[in-house]
Amino acid sequence: PGFNLQFYYFNKRSVYKLKVDLSANISRQIISELHDLTDVHRILSVVNILVGFAVSGAADGEKLMSDYIHVTLKMSEDSGLKSPKANQLCKLKHLQSFWRILTVEKNRQLVLKNQDPVEDLPENFKQAMSKGLLQKFKSSWRKIDSEHFLSKLVDLHWLELKRPERSLDLAEYELKEALEDFLGADLEENGLGNIPDDLQLRHLLACWKFAGEMESKKTLHS
């Protein structure tokens, strides 16, 4: 239901002026202000609407999202971004980055609630990790920037695996190789090179569940 954001996420030329990344520090501050899964879902619905209007007209990328929501579109206060930091700093040029942050947080919260975090994921990407692979991943996890890793999983899902012609024969693809080949990721950055070699795309759902488990342990020990 609602606006089909995926279409614009795939169509890179359509969103070129909406693709400026928020810094990691700002992203973390926004996430820290979003504790309610209902709020995350509500904000994602608003972002869908924003993308629909922003890419169909001559939207100013420097305009604050909050101003565009309440002044330009005249939406109610209930349709706000729920995060003071997002209201203060997020501009239309950050739309894709903000959507990615929200999607990562939504998936993370769903995992913590023991719910499937990845919608419409084909069955061939839902295989569990072996005990040996799980142990390897645990050993290397502290060397990997988890937020960056999860944002890459979101991009991989929406840019590649949601496309039927892409998802048929990719299950055995090494995850590291997929990040390089499909997203142009630099494995030397953010610890991505520490991803185990035998972690494959068929383990995509398992990666989200593993990240949720590690997040829970970190919270318990903080």
Side-chain angles (χ1 to χ4, degrees), residues 5-16 18-24 27-28 31 96-108 110-111 116-218:
L5 176 64
Q6 302 98 292
F7 175 79
Y8 290 102
Y9 201 73
F10 293 151
N11 187 344
K12 297 179 181 180
R13 287 181 299 175
S14 293
V15 293
Y16 72 95
L18 311 178
K19 287 167 63 73
V20 176
D21 284 338
L22 291 159
S23 71
S27 299
R28 283 191 290 268
I31 289 170
Q96 191 186 72
S97 180
F98 187 51
W99 176 83
R100 187 188 293 115
I101 291 167
L102 293 171
T103 302
V104 168
E105 183 59 19
K106 179 200 71 169
N107 291 359
R108 190 198 333 264
L110 286 172
V111 165
D116 192 342
V118 188
E119 58 188 70
D120 303 326
L121 187 67
E123 288 299 317
N124 49 333
F125 300 115
K126 294 183 177 182
Q127 184 167 327
M129 297 184 215
S130 67
K131 289 184 179 179
L133 177 56
L134 193 58
Q135 190 56 50
K136 284 184 187 177
F137 205 14
K138 285 181 179 178
S139 297
S140 59
W141 182 249
R142 61 183 179 81
K143 304 174 185 176
I144 299 169
D145 182 326
S146 60
E147 293 298 327
H148 185 74
F149 174 74
L150 294 178
S151 72
K152 290 300 182 186
L153 291 190
V154 167
D155 281 350
L156 194 59
H157 177 217
W158 285 92
L159 290 173
E160 299 296 336
L161 306 186
K162 292 279 284 187
R163 296 157 61 184
E165 72 277 12
R166 281 303 228 175
S167 66
L168 295 178
D169 302 312
L170 295 180
E172 305 301 317
Y173 219 102
E174 286 185 13
L175 179 56
K176 282 198 298 190
E177 189 176 0
L179 294 177
E180 280 189 305
D181 292 353
F182 302 147
L183 303 180
D186 183 351
L187 299 184
E188 298 301 316
E189 294 184 356
N190 299 292
L192 295 180
N194 294 293
I195 297 170
D197 291 336
D198 40 354
L199 191 64
Q200 299 175 328
L201 291 185
R202 60 189 170 132
H203 302 121
L204 189 68
L205 180 60
C207 284
W208 279 104
K209 292 182 176 179
F210 170 82
E213 177 188 338
M214 299 305 287
E215 184 75 14
S216 296
K217 289 181 178 179
K218 185 171 72 174

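Please read all numbers here as calculations on a predicted model, not as lab measurements.
Here the CG-CG distance, from Leu201 to Leu179, works out to 8.0 Å after rounding to the nearest 0.5 Å. Put simply, CG on Leu205 and CZ on Phe210 are 14.0 Å apart, with the number rounded to the nearest 0.5 Å. Of the inter-residue distances, the one linking Arg100 atom CZ with Leu102 atom CG reads 11.5 Å to the nearest 0.5 angstrom. Note that the NZ atom of Lys138 and the CE atom of Met129 stand 10.0 Å from one another [nearest 0.5 Å]. To the nearest 0.5 angstrom, Asn107 atom CG is 12.5 Å from Cys207 atom SG.
Between Val118 and Leu110, every side-chain heavy-atom pair lies at or beyond the 4.5 Å cut-off. Side-chain contact check for Ile101 versus Val104: every heavy-atom pair is 4.5 Å or farther apart. Counting heavy atoms from C-beta on, the side chains of Phe125 and Pro122 come closer than 4.5 Å.
Nearest approach of Leu156 to Phe182, heavy atoms of both residues: CD1-CD1, 3.9 Å. Heavy atoms only, all atoms of each residue included: Ser97 and Leu22 are closest at OG-N, 3.0 Å. Minimum heavy-atom separation, Ala211 to Trp141: CB-CH2, 4.0 Å. In this structure, Trp208 and Arg108 approach most closely via the heavy-atom pair CZ3-N, 4.4 Å. Across every non-hydrogen atom of Gln127 and Ala206, the tightest pair is O-CB, 3.7 Å. For Phe149 against Leu175, the heavy-atom pair with the smallest separation is CE1-CD2, 3.8 Å.
Qualifying side-chain hydrogen bond (donor to acceptor under 3.5 Å, both in side chains) partners for Asn194, counting only residues two or more places apart in sequence or in other chains: none.
Listed by first and then second residue, the salt bridge (Lys or Arg N to Asp or Glu O under 4.0 Å) pairs involving residues 186-211 are Lys136-Asp198, Glu172-Arg202, Lys176-Asp197 (not counting sequence neighbours).
At least one donor-acceptor pair closer than 3.5 Å links the side chain of His203 to the backbone N or O of Gln200. With hydrogens and angles ignored, the 3.5 Å screen pairs no side-chain donor or acceptor of Asn190 with any backbone N or O of Leu192.
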Given the rule in the side chain to side chain contact (heavy atoms under 4.5 Å, CB included) test, do Ser140 and Ile195 qualify, once you have shown the distances and angles that lead to the verdict? CA-CA 7 Å; Ser140 59; Ile195 297 170; over 6 Å; no
Let's go through Val111 and Glu213 carefully: what are the C-alpha distance in whole Å and the side-chain angles of both, what is the deciding distance for side chain to side chain contact (heavy atoms under 4.5 Å, CB included) to 0.1 Å, and is it a yes or a no? CA-CA 8 Å; Val111 165; Glu213 177 188 338; over 6 Å; no
Could you give me the CA-CA distance, side-chain angles and deciding distance for Leu204 and Leu153, then say whether side chain to side chain contact (heavy atoms under 4.5 Å, CB included) is met? CA-CA 8 Å; Leu204 189 68; Leu153 291 190; 3.6 Å; yes
Set out, in order, the CA-CA distance, both residues' side-chain angles and the distance that settles side chain to side chain contact (heavy atoms under 4.5 Å, CB included) for Phe98 and Ser27, then state yes or no. CA-CA 8 Å; Phe98 187 51; Ser27 299; over 6 Å; no
Please report the C-alpha distance between Glu147 and Lys152 in whole Å, then the side-chain angles of each, then the deciding distance to 0.1 Å, and finally whether the salt bridge (charged side-chain N to carboxylate O under 4.0 Å, His left out) criterion is met. CA-CA 9 Å; Glu147 293 298 327; Lys152 290 300 182 186; over 6 Å; no
